[in-house]
Amino acid sequence: MTLHFAYGSNMSRALMSGRCPEAEALGTATLFGWRFVINPDGFGSIALRPGGRVHGVLWRLSARDLAAINAYESVDSGLYLRRRLVVRWRERGACALVYIARRDGKGTPRPGYIGLVVEAARDWKLPEHYVRSLARWAPSRWRGPRAR
């Protein structure tokens with residue numbers, strides 16, 4: 001079994017149950033020293049940032065699930081790299097597999113991507129300030145009316 005820290009679309013219970021049917025959600029976790037970004041390809045990634053934190057979900061994956069998620073993240077074609085990083089889970093450290101986009105830089109999210117990530121973050125009850133920071137990645141035309 002492998003632990004996987006998800007911070008983007010892999011936080012979605014529905015999507016993960018479809019692509020990794022044996023995966024078990026262990027709960028929320030936090031990665032310190034990083035920040036959430038959208039890479040030039042329009043997908044979520046993380047970048048080093050002293051004092052930063054990325055909230056997400058820790059999953060336990062079977063060997064079959066791991067193969068499926070490696071394919072989904074296009075590891076073989078080089079879209080994402082796999083790294084093992086320590087996340088904070090249940091007041092202790094856990095070493096987890098994290099997918100980081102190979103291409104650095106800031107991009108614009110693909111249509112629908114940020115909405116999916118924000119929905120999953122809310123489903124997991126991640127901190128509201130963090131959910132708002134994710135929502136700010138959406139182009140203004142996708143955000144809907146501004147709150148007053």
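Please read all numbers here as calculations on a predicted model, not as lab measurements.
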[X] side chain near [Y] side chain, heavy-atom distance below 4.5 Å:
| X | Y | result |
| --- | --- | --- |
| Leu61 | Met16 | yes |
| Trp34 | Ile100 | yes |
| Arg53 | Leu31 | no |
| Tyr7 | Ile46 | yes |

Spacing of [X] atom [atom1] and [Y] atom [atom2] [to the nearest 0.5 Å]:
| X | Y | atom1 | atom2 | value |
| --- | --- | --- | --- | --- |
| Trp124 | Leu58 | CH2 | CG | 9.5 Å |
| Arg102 | Leu81 | CZ | CG | 4.5 Å |
| Arg88 | His55 | CZ | NE2 | 13.0 Å |
| Ile38 | Arg110 | CD1 | CZ | 10.5 Å |

For [X] and [Y], work out which heavy atoms get closest and say how close.
| X | Y | answer |
| --- | --- | --- |
| Trp137 | Ile114 | CB-CD1, 3.6 Å |
| Ala68 | Cys20 | CB-SG, 4.4 Å |
| Ala121 | Leu134 | CB-CD1, 3.8 Å |
| Leu3 | Ala94 | CD1-CB, 4.1 Å |
| Met11 | Ala6 | CG-O, 3.3 Å |
| Ala29 | Val87 | CB-CG2, 4.1 Å |

Parallel, tilted or perpendicular: rings of Phe43 and Tyr80 (30°, 60°): tilted
Test side chain to side chain contact (heavy atoms under 4.5 Å, CB included) applied to Phe5 and Leu85, step by step: CA-CA 9 Å; Phe5 175 72; Leu85 300 173; over 6 Å; no
Audit row: Arg49, Val54, side chain to side chain contact (heavy atoms under 4.5 Å, CB included) steps and yes/no: CA-CA 10 Å; Arg49 179 184 216 159; Val54 176; over 6 Å; no
Please tabulate, for the side chains in residues 126-133, all donor-acceptor contacts under 3.5 angstrom to protein atoms that are two or more places apart in sequence or on a different chain.
| unit_1 | atom_1 | unit_2 | atom_2 | d |
| --- | --- | --- | --- | --- |
| Ser133 | OG | Tyr130 | O | 2.6 |

Pair listing, side chain to side chain donor-acceptor pair (under 3.5 Å) test, anchored in residues 9-29, at least two apart: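 Qualifying pairs: His4-Asn10, Ser9-Tyr72, Asn10-Arg19, Asn10-Glu73, Arg13-Asp123, Arg19-Tyr72, Glu22-Ser62, Glu22-Arg64, Glu24-Arg60.
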Pair Lys106-Val37, side chain to side chain contact (heavy atoms under 4.5 Å, CB included): steps then yes or no: CA-CA 7 Å; Lys106 184 177 174 184; Val37 298; over 6 Å; no
Test log, rule side chain to side chain contact (heavy atoms under 4.5 Å, CB included), inputs Arg84 and Thr2: CA-CA 10 Å; Arg84 292 205 180 271; Thr2 300; 3.9 Å; yes
Same apolar cluster: Leu48 and Phe36, side chain cutoff 4.5 Å: yes
Hydrophobic cluster membership, Leu26 vs Trp59, 4.5 Å side-chain cutoff: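 Yes; tracing contacts between hydrophobic side chains, which count when under 4.5 Å, links both residues.
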Asn70: side-chain contact (heavy atoms from CB on, under 4.5 Å) partners, not counting sequence neighbours: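 Counting only residues at least two positions away or on another chain, Asn70 forms a side-chain contact (heavy atoms from CB on, under 4.5 Å) with Leu66, Val75, Arg82, Tyr99.
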